[in-house]
2 protein chains.
Amino acid sequence: MRRTQPQTLPSPQLLDELSAFFRLLSEPARLQLLCQLKHGGAMDVASLIEATGFSQSHISRQLGQLQRAGLVSCERDGVRLIYAVADPLVDDLCNLVQRRLKQRLEQQLRQLQAV
Amino acid sequence: MRRTQPQTLPSPQLLDELSAFFRLLSEPARLQLLCQLKHGGAMDVASLIEATGFSQSHISRQLGQLQRAGLVSCERDGVRLIYAVADPLVDDLCNLVQRRLKQRLEQQLRQLQAV
DNA sequence: AGGGCTTATGCCGATGCGCGCATTATGCAG
DNA sequence: CTGCATAATGCGCGCATCGGCATAAGCCCT
């Protein structure tokens, strides 16, 4: 019947790693890049520049962060780098959060109508 | 056979809301507060101060942010405010990410041993 | 090797935010 | 009404990071 069983507190180190991961997703630019990659499959940097309007250096940096975290992978095609989403987890997380945002708005709407 | 079906890109507004949500979890202090609340059930601010070592003002601010996002709820007990986790989503997200971090480390370990 | 690509990196200003101190606001007891 | 406790807020410092510009580094072609 216990809805939230007692559990040990996460170690400070785990806390840092979790928050570092969420921080990666806390930047609209990075999230946008991930969504573009999911939408377009595998894309090179030029396409990402055109799709997002960001500068080349900015995109390079953000992709670097995402790659170090293993969220995107890249392979060479001659001089170009082709990036792609490497982990479906981000999409799952976004869907969960989006569903939650929607539910929350619907609830607020009902409360307004209940007046 | 399509592993990632084509989908419409999220609007800039949704992108901002998603990233804002993840930003809430991108701070170790907030994550720690959420974990403490999950661990202790419902706690007042004094207990949180003792458990985390943060200043009263800091905790008040962080709880305010979490409450505005609907992640924690609070009720009065006389002059004290008792906070509690209001949404199991955060715990789910953390578990997903934690599992992923673990898998990633195991994979890196295997790659080292394969040498 | 040299020139023309594409990507990564040093630098820097602007911005945001964590976080404590001091103060104010809010509820309770006398 | 006056203290007394607790929680919220104004203020300020410090630090991290975003994001563009300029430059360096890496790859391909002749």
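These figures come from a predicted structure and were not determined experimentally. Here is how names work: the chains are called A, B, and so on, in the same order as the sequence lines, proteins then strands, and each is numbered from 1.
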Novice: I'd like to know if the side chain of Thr52(B) and the backbone of Leu48(B) have a donor-acceptor N/O pair within less than 3.5 Å.
Specialist: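 Here the side-chain-to-backbone pair exists.
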Novice: With a 4.5 Å limit on heavy-atom distance, are the side chains of Phe21(A) and Ser26(B) in contact?
Specialist: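 No, their side chains stay 4.5 Å or more apart.
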Novice: Indicate yes or no for a side-chain donor-acceptor contact from Ser19(B) to the backbone of Leu15(B) under 3.5 Å, with no hydrogens or angles considered.
Specialist: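 Present.
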Novice: Rounded to whole angstrom units, what separation is found between the CD atom of Glu27(A) and the P atom of dT17(D)?
Specialist: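 After rounding, the gap between these two atoms is 11 Å.
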Novice: Could you tell me the separation between the CG atom of Leu48(B) and the C1' atom of dT6(D), rounded to a whole number of Å?
Specialist: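 From Leu48(B) CG to dT6(D) C1': 13 Å.
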Novice: Nearest whole angstrom, please: distance from the C1' of dA8(D) to the CD of Gln56(B).
Specialist: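 Those two atoms, CD and C1', are 7 Å apart.
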Novice: Give the cluster check for Val90(B) versus Leu96(A): same hydrophobic cluster or not, with ILVMFWY residues linked at side-chain heavy-atom distances below 4.5 Å.
Specialist: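 Same cluster: Val90(B) reaches Leu96(A) through Ile, Leu, Val, Met, Phe, Trp or Tyr contacts under 4.5 Å.
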Novice: For Arg23(B), give me all partners under salt bridge (Lys or Arg N to Asp or Glu O under 4.0 Å), at least two apart in sequence or on another chain.
Specialist: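 With sequence neighbours excluded, Arg23(B) shows a salt bridge (Lys or Arg N to Asp or Glu O under 4.0 Å) to no residue whatsoever.
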Novice: Looking at side-chain heavy atoms only, is the closest gap between Asp91(A) and Cys35(A) below 4.5 Å?
Specialist: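 SC-SC contact between Asp91(A) and Cys35(A) ruled out.
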Novice: Around atom CD of Glu106(A), are there more than 12 heavy atoms of other residues, nucleotides or ligands at under 6.0 Å?
Specialist: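 Counting neighbours around CD of Glu106(A), more than 12 heavy atoms of other residues, nucleotides or ligands fall under 6.0 Å, so yes.
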Novice: When you match Arg23(A) and Ser55(A) each to their closest nucleotide on DNA chain D, which lands nearer the 5' end?
Specialist: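 The residue mapped nearer the 5' terminus is Arg23(A).
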Novice: For DNA chain D, which residues of residues 74-86 of chain B approach it to below 4.0 angstrom with any heavy atom?
Specialist: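 Result for residues 74-86 of chain B: Val79(B), Arg80(B), Leu81(B), Tyr83(B), sorted by number.
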Novice: Does Ser57(A) make a side-chain donor-acceptor contact with the base of dC21(D), cut-off 3.5 Å?
Specialist: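 Yes.
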Novice: Taking only residues two or more places apart in sequence, or in another chain, which ones meet Ala51(B) in a side-chain contact (heavy atoms from CB on, under 4.5 Å)?
Specialist: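 In terms of side-chain contact (heavy atoms from CB on, under 4.5 Å), with neighbours along the sequence ignored, Ala51(B) is linked to Gln36(B).
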Novice: Going 5' to 3' along DNA chain C, which are the first and last nucleotides with any atom under 4.0 Å from a heavy atom of chain B?
Specialist: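 The contact span of chain B on DNA chain C goes from dC17(C) to dC28(C).
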Novice: Going by the salt bridge (charged side-chain N to carboxylate O under 4.0 Å, His left out) test, which pairs reach into residues 74-83 of chain A, not counting sequence neighbours?
Specialist: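 Residue pairs passing salt bridge (charged side-chain N to carboxylate O under 4.0 Å, His left out), neighbours aside: Asp44(A)-Arg80(A).
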Novice: Strictly below 4.0 Å, heavy-atom distances to any atom of DNA chain D: list the hits from residues 59-69 of chain B, or just say none.
Specialist: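 Only Ser60(B), Arg61(B) qualify.
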Novice: When hydrophobic residues are tied together by side-chain contacts of less than 4.5 Å, even through go-betweens, does Leu18(B) share a cluster with Leu105(A)?
Specialist: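 No, no single cluster joins them.
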Novice: Leu71(B) versus Leu89(B): any side-chain heavy-atom pair under 4.5 Å?
Specialist: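 In short, these two side chains do not touch, never coming nearer than 4.5 Å.
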